[in-house]
Amino acid sequence: MPMPGLHEVVWEDREYLGWRDPSAPQRGYLVAWHGAEPVGIVLRAAGTRLQAGAAICSLCNTPQPGNQVTMFSAALAGEKGKRGDSVGTYICADLSCSLLIRIAPPQYEMQPSPDEVVARRAEVLRSRVAAFTERVREAA
Ligand SMILES: [Zn+2]
């Protein structure tokens, strides 16, 4: 799998690194850290996007127009993956959850500060990415 320079990435501002393969539009990649170890997962986008209405990304939990969320599947690790088993989940089509959650909400008087909202979203995203990558890997 082609990897960008992981050390050039500003990890402080992202819970995972995700990108679509420019040479294979159905393919995407997700890299997240598990402790000191980067874990990469190859994702395959379903042919069709959700069309109507709103959808919610299962990683960053951001509601958005349905055509901006795509069903991705990842082959399970080990023997199960070899047999073709995979897990599927809805993720932002451009795999930019980390950017999305940092779009600060407008500040209303009764709300926590936008910084707190972003920090809480980041925590949710980080734990969901970890759960997803664990699901793919632990099936081995
Ligand atoms: Zn997302």
Side-chain angles (χ1 to χ4, degrees):
M1 113 184 217
M3 298 273 278
L6 287 182
H7 296 289
E8 292 157 29
V9 172
V10 182
W11 287 100
E12 255 173 48
D13 282 343
R14 65 186 80 217
E15 290 65 37
Y16 75 86
L17 180 63
W19 71 102
R20 298 292 289 264
D21 190 334
S23 62
Q26 296 300 97
R27 207 177 302 152
Y29 304 96
L30 183 159
V31 178
W33 291 92
H34 275 237
E37 179 195 12
V39 176
I41 291 179
V42 179
L43 299 168
R44 194 182 160 70
T48 51
R49 289 182 175 193
L50 294 176
Q51 294 298 331
I56 287 185
C57 168
S58 66
L59 295 183
C60 66
N61 213 24
T62 308
Q64 53 199 312
N67 64 358
Q68 289 173 27
V69 174
T70 296
M71 167 63 96
F72 285 98
S73 60
L76 295 178
E79 286 304 312
K80 284 185 177 171
K82 283 183 197 141
R83 289 201 308 262
D85 289 357
S86 64
V87 287
T89 192
Y90 288 99
I91 308 176
C92 293
D94 55 4
L95 299 167
S96 62
C97 299
S98 291
L99 296 179
L100 211 57
I101 64 165
R102 283 174 176 76
I103 299 170
Q107 178 142 35
Y108 298 111
E109 250 178 83
M110 299 301 287
Q111 276 194 346
S113 75
D115 282 355
E116 284 172 57
V117 173
V118 169
R120 202 168 53 219
R121 289 172 180 167
E123 206 176 295
V124 168
L125 174 55
R126 191 171 290 117
S127 69
R128 289 186 175 195
V129 169
F132 179 66
T133 53
E134 280 302 304
R135 227 172 118 202
V136 170
R137 296 204 313 160
E138 278 185 354

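Side-chain atoms are counted along with the backbone in the values below, which use heavy atoms only and exclude waters and symmetry mates. These numbers were taken from a predicted model, which means no experiment stands behind them.
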Compare all side-chain heavy atoms of L30 with those of V129 and state whether any distance is below 4.5 angstrom. yes
Answer yes or no: is there a side-chain heavy-atom contact under 4.5 Å between L59 and Y90? no
Dump the intermediate steps for salt bridge (charged side-chain N to carboxylate O under 4.0 Å, His left out) on R120 and E123, then the final yes or no. CA-CA 5 Å; R120 202 168 53 219; E123 206 176 295; over 6 Å; no
Hey, are the side chains of I91 and C97 touching, using non-hydrogen atoms and a 4.5 Å cut-off? yes
Same cluster or not: V87 versus I41, using hydrophobic residues (I, L, V, M, F, W, Y) connected whenever any side-chain heavy atoms lie under 4.5 Å apart? yes
Short question: side chain of R20, backbone of Q26 - any donor-acceptor pair under 3.5 Å? no
same_hphob_cluster(L95, L100) at 4.5 Å side-chain heavy-atom cutoff: no
Between the side chains of R27 and D21, is the shortest nitrogen-to-carboxylate-oxygen separation below 4.0 Å, so that they form an ion pair? yes
Do any N or O atoms from the side chain of S58 and from the backbone of T89 form a donor-acceptor pair under 3.5 angstrom? no
So, do C60 and R121 sit near enough that their side-chain heavy atoms are less than 4.5 Å apart? no
How about Y29 and L43: do any of their side-chain heavy atoms sit closer than 4.5 Å? no
Using distance alone, with no hydrogens and no angle criterion, decide if S113 and D115 have a side-chain donor and acceptor under 3.5 Å apart. no
Can you name the closest pair of heavy atoms from C92 and F72 and give their distance? O-CE1, 3.7 Å
Let me know which of L125, I56, I101 forms a side-chain contact (heavy atoms from CB on, under 4.5 Å) with N61. I56
Heavy-atom pair of closest approach, residues A75 and V136: O-CG1, 3.4 Å
Salt-bridge present (R137, E134; N to O < 4.0 Å): yes
Indicate the atoms forming the closest heavy-atom contact of A130 with T133, along with that distance. O-OG1, 3.1 Å
Go through it in stages, so that I can follow the logic: the residues are Q64 and C57, the test is side-chain contact (heavy atoms from CB on, under 4.5 Å), and I'd like the CA-CA distance, side-chain angles, deciding distance and then a yes or no. CA-CA 8 Å; Q64 53 199 312; C57 168; 3.9 Å; yes
Between Y16 and S96, the two heavy atoms sitting closest are OH-N, 4.1 Å
R126: partners by salt bridge (Lys or Arg N to Asp or Glu O under 4.0 Å), with sequence neighbours left out: E15
Do L99 and W11 belong together in a cluster built from hydrophobic side chains that touch within less than 4.5 Å? no
Transitive ILVMFWY side-chain link W33 to L17, under 4.5 Å: yes
